[in-house]
Number of protein chains: 2
Amino acid sequence: MRSSVKSPSVAVEQVDTTYLESLIGYNARRAALSVIGKFLEKMAVYDLKPVEFSVMSVITHNPGVTSRQLCASLNILPPNLVGIVQALDARGLIERLPHPHDGRAVGLHTTQQGNELMLKAEVTAAELEMNVGAKLTPNQVQTLVTLLQKIYL
Amino acid sequence: MRSSVKSPSVAVEQVDTTYLESLIGYNARRAALSVIGKFLEKMAVYDLKPVEFSVMSVITHNPGVTSRQLCASLNILPPNLVGIVQALDARGLIERLPHPHDGRAVGLHTTQQGNELMLKAEVTAAELEMNVGAKLTPNQVQTLVTLLQKIYL
DNA sequence: TATTGTTATACTCTATAACTATA
DNA sequence: TATAGTTATAGAGTATAACAATA
């Protein structure tokens, strides 16, 4: 027993986090928060938060997509998407057109203004990718993305 | 102009998210949320959320660590740690002892009960790692963790 | 004067229940 | 009966300002 007695009055000089740093979830979260933090800074000029960028991106590449489809592909709950879509609409970045064969649904489309914004925003996103990827070789970036997708897709 | 006219009444059958899936931040966030979701389920028996597990883990491996050190290593703001520490203390999982040479600070230590809980919780965490890693080879898990750390460390 | 721990508080994000219009 | 979009609302997570005690 004597050998396992803790001395309660010893100060910690350097915090050891090696255990947590061995866990996939811990590292994925820390890395995601780091990248998203930089994303927030760079995208501030366009007034686009990560979710708004994602929504705009999916609409850009899928003109006519519905709210429900957006929710499913981005893992957003319908009530939480409403405000986002309304805000983008109010900013004149998207427009809502009737769905061709479903009176309940609404097709989402980018406006000319929204398209122009996203062209610039995706260039900035690409720059940010290179910035993050500067710590990794292009090959490592590809490997990282592939491995991450294996986990959640 | 004619060729760039969009037809507003076409339905989207399959949503294309390939662009977002090329971005590191998007993938890191989706992967982190997926793993953390499973973590939440498995750790529910111990009533430990990811942050609480992280805090308990750091205290376990660094007896006498201060709140301030915890905040710095886990990237938590001091006001937000207070409630977490108080709750763990109230549950009898940790205890707060005077700091050896700083009257302002408090050293955090796990109790016997806290130690026993964490022994079991870390086994469960290891199982979860294997579960997540089942989609990856052990080698790929190691690669993934290393690449993620290059990004945020 | 600076730092540790704390309170109060505000803001954002996420989640659930329930409604309407249409299928 | 089920689904798309919406409203209201509750809860969790994250942020800043300010204070007492100690360095």
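Note on naming: letters A, B, ... go to the chains in the order of the sequence lines (proteins, then strands), and numbering restarts at 1 for each one. What you see below is based on every heavy atom in this structure, not just the backbone, and it leaves out hydrogens, waters and symmetry mates. The structure presented is a predicted model; accordingly, all values stated were derived computationally and were not measured.
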So do A:L23 and B:F53 actually touch side chain to side chain, heavy atoms under 4.5 Å?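 Yes. Closest side-chain heavy atoms under 4.5 Å.
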Is there a side-chain contact between B:N27 and A:L147, using heavy atoms and a 4.5 Å cut-off?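 The answer is no, as the side chains (C-beta and beyond) never meet within the 4.5 Å cut-off.
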Closest nucleotide of DNA chain D for B:H101 versus for A:R96: which of these residues is on the 5' side?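 The answer here is A:R96.
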I need the [atom1]-[atom2] distance between [X] and [N], as an integer number of Å.
X: B:D102; N: C:dT3; atom1: CG; atom2: C1'; result: 8 Å
X: B:R30; N: C:dT14; atom1: CZ; atom2: P; result: 12 Å
X: A:H99; N: C:dA21; atom1: NE2; atom2: C1'; result: 16 Å
X: B:L108; N: C:dT4; atom1: CG; atom2: C1'; result: 12 Å
X: B:I36; N: C:dT14; atom1: CD1; atom2: C1'; result: 14 Å

Using modelled atom types and a 3.5 Å cut-off, is there a donor and acceptor pairing between side-chain atoms of [X] and backbone atoms of [Y]?
X: B:E41; Y: B:K38; result: no
X: B:E129; Y: B:A126; result: no
X: A:T17; Y: A:L20; result: no

Quiz question: going by heavy-atom distance under 3.5 Å, is there a donor-acceptor pair between the base of C:dT3 and the side chain of B:R104?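 Check passes, donor-acceptor contact within cut-off.
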Give, ordered by number, those residues of residues 74-94 of chain B having at least one heavy-atom distance below 4.0 Å to an atom of DNA chain D; if nothing qualifies, reply none.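 Within this stretch, B:L77, B:P79, B:N80 sit under 4.0 Å of the strand.
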DNA chain D-proximal residues of residues 46-60 of chain A, any heavy atom under 4.0 Å: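 The answer is none.
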In Å and rounded to the nearest 0.5 Å, what is the CD to CZ distance from A:Q149 to B:R30?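 Atom-to-atom, A:Q149:CD and B:R30:CZ are 10.5 Å apart.
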For the atom pair OH (B:Y46) and CG (B:L93), what is the distance rounded to the nearest 0.5 Å?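 Here the rounded value is 13.0 Å.
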Co-membership, hydrophobic cluster, residues A:V58 and A:L119, 4.5 Å side-chain: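 No, no single cluster joins them.
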